[in-house]
Amino acid sequence: MPHSLHTRVTDLLGCDHPILQTGMGWVATPELVAGACNAGAFGFLAAATLPPHEVEAEIEKIKTLTDRPFGVNFLMDAPGADVISEAIIRQGVRAAGYNRAPNAELIAKLKAGGVVCVPTCGAVKHAVKAEKLGADIVIVQGGEGGGHTGTVPTSLLAPAAADAVKIPVVAAGGFRDGRGLVAALAFGAEGIAMGTRFLMTRESPVPEATLQRYLDAEVTDVIVSTALDGLPQRMVNNELSQRLESAGPIRKLALAIRNALALRRETGAGIADLLRSALAMRRNQKLTNAQMILAANAPILARIAMTDGDPAHGYLPSGDGAGVIDDRPSCEALVSRIVAEAEETLKRLCP
Ligand SMILES: Cc1cc2nc3c(=O)[nH]c(=O)nc-3n(C[C@H](O)[C@H](O)[C@H](O)COP(=O)(O)O)c2cc1C
C-alpha cells in the first residue's frame, strides 16, 4: 500500500484502507460489516434499529465472520444506549459510532474502555464540539449523503472541518470511487465513509426489488424531503415520498402513530422510553411537537423497503451517488477497485 493511503484513521481503526462503511439501519448487518472488514475497509454495525439487548449477539455474529476490527453505530439519546455501550466495551469492539446528542458520560465510559469514538456531524461547529467531548475521529457528512442530511456540500464541509479540528476527519456524502477518495485526502480528510455505495454490494441484505430502485435511479431521482419526519432526508423518490409530500395533517398523524407503535414492538421500548427519547430528541434538535410525533416514521418506513422488500411503500434513504452507481460488486471487488483507482489517480497527479 503506498504511504499516501495510510492515515491516522487506518492506524486508529486497524484497517488496511481509509474507507469506512457506515451504520445504515436494517442494512449494515453482520454480513455487510464482515464483508467490508474482510475487504480491508472498516465496517459499522447498525444498532439503532436493533433491540438493545440483541446487539451483543450481533457483535458475536460478526466475530464469527471476520477476525478484523469493526465498529457499532447507535443513537446515544435512545433507550438502551447504556446497554449497547456496555456490550461494546465487554466485547472489545474497536469503535463506537454515534451522531445526534453526544452523551459526555457515555463517551467517557467508552474511552475508558479503550473504544475509539467516531461521531458523525453535518456542520463544522458540531465537529468542534465532538472533538471537545473526546472524539478520536470525526466523520463529517455533506448534503450529498443519504438519510438525515444537511445543506452544506461535502466539498465545502470536509476542508472546513479539517481546518477546524486536530483529530482526523473522515469525509462522507456522495463517495463511491478512488477519485473521490483522493479528492477527500486533498480536502484534508484522512479517509472516506460510504453508505449508499456499500448498500449496493453483494453482501448487502437489501432485497432485489428495493435494490433495483437504487440501480434505476438517476441523480435527479434522489431528492431531499422533509415530509417523512420534518427533518431533511435524502432519498430515492418513490410512491411513498410522493404520497407523503401531498398528504394532509390527519393522514400524516395517523401514519406517525401507527409507526410509533410499530417501533415500540420492534425495539421492545416502552411508551415511557419512547417519550423520553422523543423529548430528548426535541431538546437536542429543537424539534416541534409535530416533528417529535413523526420521529418513528423513518426507521419503520425504511424497514418496509430494506427488510420486507416493498420499495413502493417503504422509505429509500440514499445519497446522490445512487444516481451514478449501476453495479453490485462484492465488498472485496469494490474496495480493491477503489484502492487501485486511488493509486492510479495519485500517480497521474504526482508522476
Ligand atoms: C439506507 C441508509 C440507511 C441509513 N441509516 C442510518 C442510520 O440508521 N443511522 C445513521 O446515523 N445514519 C444512517 N444513514 C446515513 C449513513 O450512515 C451515512 O452517513 C450516509 O449514507 C453517507 O452518505 P452516502 O450514502 O452518500 O455514502 C443511512 C443511510 C442510508 C443510505
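Whatever order the structure lists ligands and atoms in, that order sets their numbers, starting from 1.
- Protein heavy atom nearest atom 15 (C) of ligand 1, with residue, atom name and distance: Gly146 O, 3.4 Å.
- If you number the atoms of ligand 1 from 1 as listed, the ones under 4.0 Å from a heavy atom of Gly319 come out as 25 (O), 26 (O).
- Atoms of ligand 1 found under 4.0 Å from any heavy atom of Met194, numbered from 1 in the order shown, are 27 (O).
- Between Arg213 and Glu239 there is a salt bridge, with a side-chain nitrogen of the basic residue lying less than 4.0 Å from a carboxylate oxygen of the acidic one.
- Proximity to Asn99 (heavy-atom distance under 4.0 Å) selects the following atoms of ligand 1: 10 (C), 11 (O).
- Of the options Leu32, Val33, Ile19, a side-chain contact (heavy atoms from CB on, under 4.5 Å) to Cys331 is made by Leu32 and by none of the others.
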Item to check | salt bridge (charged side-chain N to carboxylate O under 4.0 Å, His left out) between Arg234 and Glu144, worked out | outcome: CA-CA 8 Å; Arg234 190 173 286 286; Glu144 296 91 324; over 6 Å; no
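- With Gln21, Arg234, Gln141 as candidates, the residue nearest to atom 19 (O) of ligand 1 on a non-hydrogen basis is Gln141.
- Looking at atom 31 (C) of ligand 1, its nearest protein heavy atom turns out to be Pro317 O, 3.4 Å.
- Of the residues Leu12, Thr7, Thr10, the one that meets the side-chain contact (heavy atoms from CB on, under 4.5 Å) test with Pro168 is Leu12.
- Using a 4.0 angstrom heavy-atom cutoff, Gly173 counts as in contact with ligand 1.
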Checklist entry - Given the rule in the side-chain hydrogen bond (donor to acceptor under 3.5 Å, both in side chains) test, do Thr120 and Gln141 qualify, once you have shown the distances and angles that lead to the verdict? => result CA-CA 7 Å; Thr120 299; Gln141 182 182 322; 6.0 Å; no
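- In terms of modelled atom types and a separation under 3.5 Å, the side chain of Thr22 and the main chain of Ala193 share no donor-acceptor contact.
- Shortest contact from atom 26 (O) of ligand 1 to any protein heavy atom: Gly174 N, 2.7 Å.
- A salt bridge does not link Lys109 with Asp82: none of the charged nitrogens is closer than 4.0 Å to a carboxylate oxygen.
- Shortest contact from atom 21 (O) of ligand 1 to any protein heavy atom: Gly195 CA, 3.5 Å.
- Residue Gly23 places a heavy atom under 4.0 Å from ligand 1.
- Both Val27 and Val236 are part of a single hydrophobic cluster, where members link through side-chain heavy atoms under 4.5 Å apart.
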Item to check | Derivation and outcome, side-chain hydrogen bond (donor to acceptor under 3.5 Å, both in side chains), residues Asp11 and His6 | outcome: CA-CA 8 Å; Asp11 282 344; His6 173 220; 2.7 Å; yes
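- When hydrogens are left out, the protein atom nearest atom 25 (O) of ligand 1 is Thr196 OG1, 2.5 Å; that is the closest non-hydrogen contact.
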Next on the checklist: Assess the residue pair His126 and Asn99 against the criterion (side-chain hydrogen bond (donor to acceptor under 3.5 Å, both in side chains)); give the C-alpha distance rounded to whole Å, side-chain angles, the decisive distance to 0.1 Å, and a yes or no.
Outcome noted: CA-CA 10 Å; His126 295 151; Asn99 35 21; over 6 Å; no
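- Looking only at protein heavy atoms, the nearest one to atom 17 (O) of ligand 1 is Thr22 OG1, 3.0 Å.
- Remark: ligand 1 and Arg197 share no N or O pair separated by less than 3.5 Å (distance only, no angle test).
- Scanning the protein heavy atoms around atom 28 (C) of ligand 1, the nearest turns out to be Met24 CG, 3.7 Å.
- Polar contact with ligand 1: absent for Asp320 (N/O pair, distance under 3.5 Å).
- When the side chains of ILVMFWY residues are joined at heavy-atom separations under 4.5 Å, either directly or via intervening members, Val170 and Phe44 end up in a single hydrophobic cluster.
- Less than 4.0 angstrom separates some heavy atom of Leu199 from each of these atoms of ligand 1: 1 (C).
- The contact set between ligand 1 and Gly25, taken as ligand atoms under 4.0 Å from a residue heavy atom, comprises 3 (C), 4 (C), 5 (N), 6 (C), 7 (C), 8 (O).
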